[in-house]
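Indexing begins at 1, ligand by ligand and atom by atom, following the structure's order. The figures here come from the full heavy-atom set of this structure, side chains too, leaving out hydrogens, waters and symmetry mates. The structure displayed is predicted, hence computed values, not measured ones. In this chain, numbering begins with 1 at the start of the sequence shown.
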Amino acid sequence: MTGSLNYYKVKMPLVDPFTTSFGTETEKEAYIFELKKDGISAFSESVTSIGPFYSYEDNTTAFHIIKSYLAELVLDAPQPAEFIARSSKVKGHNMAKAALEMLLWDYHSRKSGKPLHEYIGKSKGYADVGISLGIDRKEATLKKIQAALDRGYKRIKVKISKGKEMDILTPIREVYPDIALSVDANTDYRLRDLEILKKLDRFNLVYIEQPLEHDDILDHARLRKEISTPICLDESITSAERAEQALEVEACEVINIKPGRVGGFTESLKIAELARERKAHVWVGGMLETGIGRSYNVALASLEAVDYPGDTSPNDKYFERDLVRNPFSMENGTIRPNSGTGIGVDIDFEMINKVKIEAGTF
Ligand SMILES: [Mg+2]
């Protein structure tokens, strides 16, 4: 029997507005998907947001692609590899594809009776956690850093933007000369800004994330020769093939894996293995996900191959009340993946009904 695919578009306020070099987000608007077949319900979410500012995809494009081309490909709950083969005729739109590909990972791990992190194998059983802080006033940032250190976060990452980098980093390093600190530029610089980027070397950063264009590899390779701060790529890595090219030309020594950006879990697992083979570092990023998307990230971040702390904060950093009844808690800077089958979430339908602005079935 074929199954059905339900969707819920939800809108939830963020606990704290999140500012990056491309703008400020005050609420989370996301599509949640539910695949029902043979008595199993699997869940996932699209990591797209209101506008195409992180990448070219947004909620509207993802919904269009899923409705018009992808939904019909998952109703019989194929294996993720089969879905990837079927959906390959659609060029790009990785976030739309990932929303459904990950749904199938949840479905099949539930069917096997195992939690997702055990189903994929090679899990440490926990994930090291770092915090990602948006651009804020100096006092607020220092306060948030202290609170994060008190809670045990293993790495502090701050967003920077061109022209503000010194004002952001100088006070942090004055107060915290030795903490593991990294920065995320979200594509705000170009090679012509080399003199500014060179100045960041003095801050002894674990890495600078995505300083240059969202689809660039080559200029990052050029930049890497000029600065001593290691480069981490996020936006530029849209597949395992791109990751291989980036490592081949030495454009980065660190990769931030976001399953949504690379088309799902299958590709994410490939990138983690590739990085291990090439002696690069990897960690798992975040896209302000609800507890549903977050559960996938934590399972992935628990892989042995993932060696740096990820942006996999507990749910309460983002939402007062999440869509799940079993939010993650952090202990000594680590989070354990859910122990139930699949992504192990206890869905709070009351909350979904409260915050949904649209719903339907394919
Ligand atoms: Mg980033």
Original post:
Do you know the tightest heavy-atom contact between Leu35 and Tyr107?
Top reply: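 In terms of heavy atoms, the two residues are closest at CD2-CD1, 4.1 Å.
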
Original post:
So which heavy atom on Cys252 is nearest to which on Ile255, and how close?
Top reply: SG-CG1, 3.9 Å

Original post:
So which of the N, O or S atoms of Glu209 lies nearest the Mg ion (ligand 1)?
Top reply: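 Restricting Glu209 to its N, O and S atoms, the minimum distance to the Mg ion (ligand 1) goes to OE2.
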
Original post:
Among the N, O or S atoms that Asp234 has, which is closest to the Mg ion (ligand 1)?
Top reply: OD2

Subject >> Given Lys28, Lys144, Lys143, the one that forms salt bridge (charged side-chain N to carboxylate O under 4.0 Å, His left out) with Asp16 >> reply: Lys144

Original post:
Does Asp184 bring an N, O or S atom to under 2.8 Å of the Mg ion (ligand 1)?
Top reply: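 Coordinating: yes.
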
**OP:** Check whether more than 12 heavy atoms from other residues, nucleotides or ligands sit under 6.0 Å from atom CG of Asn332, and answer yes or no.
**Re:**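 No.
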
